There are 2 protein chains.
Amino acid sequence: MSELSATNVSATPMEKFQEYLVTRGMRMTRERSIIVEEVFASHAHFDAEQLVEQLSRRQDRRVSRSTVYRALEQLVEAGLLRSVARQDGREVYEHDYGYPQHDHLICRKCGSLTEFHNSEIRTILEEVAREHGFRMEAHRLEVTGLCNDCCRPPVTRPEKLNLL
Amino acid sequence: MSELSATNVSATPMEKFQEYLVTRGMRMTRERSIIVEEVFASHAHFDAEQLVEQLSRRQDRRVSRSTVYRALEQLVEAGLLRSVARQDGREVYEHDYGYPQHDHLICRKCGSLTEFHNSEIRTILEEVAREHGFRMEAHRLEVTGLCNDCCRPPVTRPEKLNLL
DNA sequence: TTAACTGCAAACGTTTTGCAGGCGG
DNA sequence: CCGCCTGCAAAACGTTTGCAGTTAA
């Protein structure tokens with residue numbers, strides 16, 4: 001029962017981060033708590049730049065870019081966030097903690113990021129890892145192509161109409 | 001039969017690149033051919049920096065960093081290379097043309113990159129894409145964790161031997 | 001001949017870092 | 001009060017780009 005804290009799955013992100021910090025002699029500062037609050041206020045994908053901008057609109061306190069980058073690294077390490085893709089040269093993050101495992105369809109044209117869930121993939125990867133004596137910790141699967149909206153060919157009209 | 005060149009799968013990488021270039025009014029220069037030669041001389045994964053360094057050791061001609069970056073983009077576009085992962089902030093490339101589809105196990109400790117093949121994954125992704133009306137063009141699957149060698153705990157010797 | 005290509009150096013955008021002062025526990 | 005944390009500015013990093021001269025076709 002002494003391991004309860006280590007396996008507690010019902011804690012809030014803030015509590016989980018707190019736990020991560022204290023077990024490493026680190027501190028829950030005002031800046032870190034603001035960042036966690038902001039990050040978990042919505043479920044959207046985001047990159048460092050977007051987070052910096054969102055934070056700059058808050059009135060409670062300014063958080064510097066450096067602190068944001070440092071916190072993102074810690075949140076990933078703590079298992080609260082994961083980096084899921086790279087877009088326009090920036091790392092894209094999303095909630096990891098308390099959010100079901102999934103992967104992404106990335107449209108190369110409009111940049112849209114669509115989540116999909118398929119449990120077989122994880123099963124296959126576990127088997128593959130076992131075969132290779134590899135201890136899998138995470139995976140990142142980016143499926144690129146054209147989304148439903150961008151699939152439609154650039155021709156505005158079918159050839160048939162040109163018969164006239 | 002007029003489409004032979006477009007569907008020719010037995011051409012060498014050099015020939016295929018040549019074809020890509022001419023159909024776009026581009027030219028097969030000395031630099032580009034040296035790069036293709038160097039890239040397809042071995043089957044190892046590499047990044048731009050490594051390629052630049054390899055090329056700098058050649059005696060036939062110096063190829064600038066800019067030209068390397070420009071060529072890498074073209075080789076990916078031509079379907080000869082694909083970027084498979086990102087390591088230490090650098091894009092990692094490997095042969096795409098004439099090489100069976102596969103994914104990678106990436107050790108976060110030693111950085112080793114192990115290929116594995118699993119045809120089910122592709123099948124699943126095709127199905128997922130269909131369900132979402134997504135036209136899949138490619139996928140990138142990075143499985144991170146600890147490789148066989150790095151799995152073993154950091155203890156250098158069993159406690160037993162310390163009994164003496 | 002001429003337009004695509006190259007090397008150079010400088011620019012670029014993201015991310016990291018050294019440091020002096022601030023502040024949590 | 002110790003030492004972790006912050007903001008700042010500057011550095012670092014991989015990559016891209018403008019340009020003037022070079023070269024393939």
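Just so we're clear, the structure is a prediction, and the values are computed from it rather than from any experiment. To find a chain, count down the sequence lines: A is the first, B the second, and so on, and within it residues start at 1.
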Looking at dC13(D), I'd like to know if its phosphate oxygens (OP1 or OP2) sit under 4.0 Å from a side-chain N or O belonging to R90(B). no
Protein-nucleotide distance (D60(A), atom CG; dT6(D), atom P), rounded to Å: 15 Å
Mind calculating the distance between CD (Q18(A)) and P (dG24(C)) to the nearest angstrom? 13 Å
Hey, does the side chain of T67(B) come within less than 4.0 Å of dG7(C)'s phosphate (OP1/OP2), counting only N and O? yes
Below 3.5 Å, does any donor atom in the side chain of R70(A) face an acceptor in the base of dG7(D), or the other way round? yes
Protein-nucleotide distance (R32(B), atom CZ; dC5(C), atom C1'), rounded to Å: 7 Å
Any salt bridge between R135(B) and E137(B), counting N to O under 4.0 Å? no
Distance test, side-chain N/O of R61(A) to OP1/OP2 of dC23(C), below 4.0 Å: no
Can a donor-acceptor pair be found between the side chains of D103(A) and H139(A) at a distance below 3.5 Å? yes
Whole angstrom is fine here: how far is it from CG in D88(A) over to P in dT16(D)? 12 Å
Let's see if you can work this out: which of dT14(C), dC23(C), dC8(C) has an atom nearest to the side-chain heavy atoms of Y69(A)? dT14(C)
Could you state the atom-to-atom distance from CE of M28(A) to P of dC23(C) in whole Å? 18 Å
When rounded to whole Å, the CG to P distance for the pair L55(B) and dG7(C) reads 10 Å
Rounded to whole angstroms, how far apart are CD on Q74(A) and P on dC5(D)? 7 Å
Y99(A) and E115(A): side chain donor to acceptor below 3.5 Å: yes
Report yes or no: is there a donor-acceptor pair, N or O only, under 3.5 Å between the side chain of R27(B) and the base of dC5(C)? no
Examine dT6(D): is either OP1 or OP2 under 4.0 Å from a nitrogen or oxygen in the side chain of T29(A)? Give yes or no. yes
E53(B)/R57(B) ion pair, N-O < 4.0 Å: yes
In terms of the angle between their ring planes, are H104(B) and H45(B) parallel, tilted or perpendicular, with boundaries placed at 30° and 60°? perpendicular
Which part of the nucleic acid does E91(A) contact within heavy-atom distance under 4.0 Å: base, sugar-phosphate only, or nothing? sugar-phosphate
In whole angstrom, what separates R65(B)'s CZ from dA11(C)'s C1'? 15 Å
Presence of donor-acceptor pair under 3.5 Å, side chain of S66(A) and base of dC8(D): yes
